[in-house]
Amino acid sequence: MSKKVVLAFSGGLDTSISVSWLKKKHNLDVITAIVDIGQDENFDEIEKKAYSIGASKHCTIDAKQEFINNYIFSAIKSNALYQNKYPLATALGRPLIAYKLVEIANQENTKIFSHGCTGKGNDQARFDVTLRSVMPDAKIIAPVRDENMSRDEEIQYAKDLNVSIEKKSQYSIDENLWGRSIEGGILEDSFEEPPKDIYKWVNVNNDLADRYIEIDFNNGIPISIDGITDSLEMITHLNDVAGKYGIGIVDHIEDRLMGIKSREIYEAPAATVLIEAHKDLEKLVLTRNELEIKSLLEQKWSWMIYSGLFVDPLVKAINSFINKTQERVNGTVRLKLRSNSLTVVGRKSENSIYDQNLSSYSSSSDFNQTYSKGFIEIWGLQSKFNEGETK
Ligand code: ARG
């Protein structure tokens, strides 16, 4: 009996040719697995395809709730935007998929894994690092990367094997609840405006009346949006509503782990709204010093997730700091959606350290202005020695 391999399968070109490559060149029984983290796919069709091209077993795993609880919520608390722009949808999904592959491998009694990643992208790191963190002696076969296959060679190989490849778009697309990543084709020209037909979630040609959204947060995570309290519904609702208002497009020149710069387009309405609202509420309840250190750690956190090091101990340590700060991030944020724009228009919290009485210019303020004179004398003590320089 052949040994088994667990392949992360999407039904696309890379993973489809991998099925027969693993069978023919490695003499393995192929177990295909797809993890549902909110991508809009027909999972029955993908299962059929897997069997039709030679999988010996196929698994579909619903991990949407786990994705929200253990990944998306951490990203919100960390205001996670790689290079201040990309909400990390694809990057957050990969470690979870890898963990699910390990669960299947344990049931099937194998330590051999496969994925369709190329050697140029970030996903190979996310899969391999996570897999090896739980199974250090895992064997990982990535046919496209390991054989240095070009896309044209892949298509030829698929034809030789009679593996059907649907007329696919020129773009490479990855999708989950937290966003849709689009790259390739005409988008590779960094000066070219993205054609409108690449968008699926965001309506760029809308003309809607203004609308308000209120988001309640508890310990840094959303607990109610427009009266919805189920987390999966909250995120799909925001993707839908904010998407209709044209919110959430990111056009990004991005630095990949392997040093390559790439041009990526993202659609991430819910992520854009939630991070904007969350950041705003933090400004109401956290101190200046907390905000300063937190923003440095947020950048580091985002880089760790982006570069495949989700499992690194540093991420856990940063999470501890961030979770401590989030104990006070409770309250409500009001946002206004207008055609193609999003603005926070109000925020309130029981933990607010904004004090209207202090900041007010009206006569009733308790703030004793006369103290400021002496404070500023001392504050500027060293700076005044440079007085002559600018003259
Ligand atoms: N550049 C993003 C990342 O590394 C998205 C990659 C998405 N993959 C795709 N096939 N479009 O996380």
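Just follow the structure's listing: the first ligand is 1, and inside any ligand the first atom is 1.
The contact set between ligand 1 and Glu264, taken as ligand atoms under 4.0 Å from a residue heavy atom, comprises 1 (N), 5 (C). Interface atoms of ligand 1 facing Ser181, defined by a heavy-atom separation under 4.0 Å, are 5 (C), 7 (C), 11 (N).
Atom CG in Leu88 sits 7.5 Å away from atom CD1 in Ile305 (nearest 0.5 Å).
Protein heavy atom in closest approach to atom 11 (N) of ligand 1: Ser172 O, 3.0 Å. Shortest contact from atom 12 (O) of ligand 1 to any protein heavy atom: Tyr86 OH, 2.6 Å. Of the protein's heavy atoms, Asn122 ND2, 2.7 Å lies nearest to atom 4 (O) of ligand 1. Distance from atom 2 (C) of ligand 1 to its nearest protein heavy atom, with residue and atom name: Tyr266 OH, 3.2 Å. For atom 9 (C) of ligand 1, the nearest non-hydrogen atom of the protein is Glu183 OE2, 3.2 Å.
At a heavy-atom distance under 4.0 Å, only side-chain atoms of Arg126, from C-beta outward, approach ligand 1.
For a threshold of 3.5 Å applied to N or O pairs, the pair formed by Glu254 and ligand 1 contains at least one separation below that value. Considering backbone and side-chain N/O atoms, Arg94 never comes within less than 3.5 Å of an N/O atom of ligand 1. Between Asp123 and ligand 1, no N or O atom pair is found at a separation short of 3.5 Å.
Contact check on Arg151 versus Glu154 returns no salt bridge, with no Lys/Arg side-chain nitrogen under 4.0 Å from an Asp/Glu carboxylate oxygen. Taking the charged nitrogens against the carboxylate oxygens, Asp14 and Arg145 have no contact shorter than 4.0 Å, which rules out a salt bridge. Using a cutoff of 4.0 Å between basic side-chain nitrogens and carboxylate oxygens, Lys57 and Glu108 are scored as salt-bridged. Between Asp36 and Lys64 there is a salt bridge, with a side-chain nitrogen of the basic residue lying less than 4.0 Å from a carboxylate oxygen of the acidic one.
Listed by chain and residue number, Ser341, Val345 satisfy the side chain to side chain contact (heavy atoms under 4.5 Å, CB included) test with Thr343 (two or more places apart in sequence, or in another chain).
Under a 4.0 Å heavy-atom criterion, Tyr82 is not in contact with ligand 1.
Of the possible polar contacts, none joining the Asp280 side chain to the Val333 backbone as a donor-acceptor pair under 3.5 Å is found.
Among Lys120, Arg256, Arg263, the one residue that satisfies the salt bridge (charged side-chain N to carboxylate O under 4.0 Å, His left out) test with Glu183 is Arg256.
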